[in-house]
Amino acid sequence: RDTSFFFFFSFGFRTTVEDTVNGLNIVLLGGRSNECFYFDQQETWGEMLGTKLRSKLGIKLNVFNGGKSGLNSQDHIFQVKKLLSEHNWIDIIIIMMGMNDLGYALSKGEAFSRMPDENIRVRAFYSDVSEENIPIYKQSMIYKKLYRLLFTASGYILSYNDPEGLFYISKRNERRAGIIVEQKVDLSKSLSNYEENISTINELCKAKGVQLILIDQATIWENNLSKRYQDLCWGGFMRDTDQHGVGLYLSISQLGLLINEYNSTMEKVSAKNSIPFIKISSALEKDTSTFYDDCHFNESGARKVSDLLV
């Protein structure tokens with residue numbers, strides 16, 4: 001098949017329902033691993049989770065998938081703050097994250113820890129976000145469209161959507177042609193920011209009486225990963241070199257160690273603040289029965305995730 005079918009709620013979330021009055025309402029936040037961009041609606045792990053929970057609990061339950069490619073914990077603070085300030089129908093927020101915090105910290109360094117509010121506001125939702133405390137001209141549709149266009153071109157957002165999957169072929173080739181770095185990279189500042197961001201999200205949820213649930217980031221990365229699976233990976237970009245078209249990429253084994261640090265940070269914050277935490281990273285097979293690249297689930301992987309969460 002070459003077409004995936006999406007159904008969107010008016011706020012820009014993937015869902016098959018518009019009813020926020022009746023039943024238990026769950027909002028999913030995260031990056032592309034949540035979004036399941038290449039899947040039909042019923043194949044996403046969020047949609048399957050809703051179906052399985054309705055069957056198991058025997059209640060009306062609505063799932064709204066706010067996953068969006070490239071979003072990280074800074075974006076999720078904005079999302080949660082915006083959602084909970086304007087909507088009182090949300091009962092539970094489930095967030096799967098870690099990968100994009102790692103990726104941005106690795107490639108952007110200090111610039112990632114201070115992303116402009118304007119950038120976050122533009123990319124946080126598929127629908128345009130209204131803000132009363134910004135200048136009038138920035139609230140105009142023309143400004144929003146122009147800024148979104150410039151923002152996308154700046155490199156903070158990449159478009160992965162092409163019918164032949166040429167993006168993945170290109171990115172995998174770039175990693176293969178790159179210089180692999182085996183040395184450990186210190187991301188302690190990013191990890192500290194990540195810990196603080198999780199705590200902030202939790203406080204926002206607590207203040208509104210919304211239950212927060214956290215899910216760690218599963219990846220295919222591990223030490224001694226076979227060449228077959230390494231060839232599926234394209235992540236780990238650090239920076240360009242003086243050689244045209246040749247970049248520095250962190251090794252798969254080092255990436256695996258780093259994502260474990262982000263997952264451990266989430267687990268630590270969850271335990272400290274009594275946040276329900278679901279560790280899927282150690283429960284999923286690190287192969288093509290789960291992933292089609294570094295961390296994104298295929299149809300089988302999405303089914304496994306929904307089973308684990310139920």
Taking the six-membered ring for Trp, are F39 and F297 ring centroids under 6.0 Å apart?
no
Looking at R303 and E299, is any side-chain nitrogen of the basic one under 4.0 Å from a carboxylate oxygen of the acidic one?
no
Within residues 255-265 or reaching into it, pairs that qualify as salt bridge (Lys or Arg N to Asp or Glu O under 4.0 Å) - sequence neighbours excluded:
none
Donor-acceptor pairs under 3.5 angstrom involving side-chain atoms of residues 273-281: please list them, not counting sequence neighbours.
residue, atom, partner, partner atom, Å
N273, ND2, V269, O, 2.9
S281, OG, D216, OD2, 2.5

State which residues pass side-chain hydrogen bond (donor to acceptor under 3.5 Å, both in side chains) with Y262; sequence neighbours excluded, sorted by chain then number.
S190
Considering residues, nucleotides and ligands other than R239, do more than 12 of their heavy atoms fall under 6.0 Å from its CZ?
no
Residues passing the salt bridge (charged side-chain N to carboxylate O under 4.0 Å, His left out) test with E196, sequence neighbours excluded, are none
Can you list everything that forms a salt bridge (charged side-chain N to carboxylate O under 4.0 Å, His left out) with K189? Sequence neighbours excluded, please.
none
Please enumerate all residues that pass side-chain contact (heavy atoms from CB on, under 4.5 Å) together with D294, with sequence neighbours excluded.
W221, C233, W234
Atom NZ of K286: over 12 foreign heavy atoms under 6.0 Å:
yes
Whether over 12 other heavy atoms sit under 6.0 Å from K206 NZ
no
Which of T20, N25, N22 passes side chain to side chain donor-acceptor pair (under 3.5 Å) with N62? Answer is N25
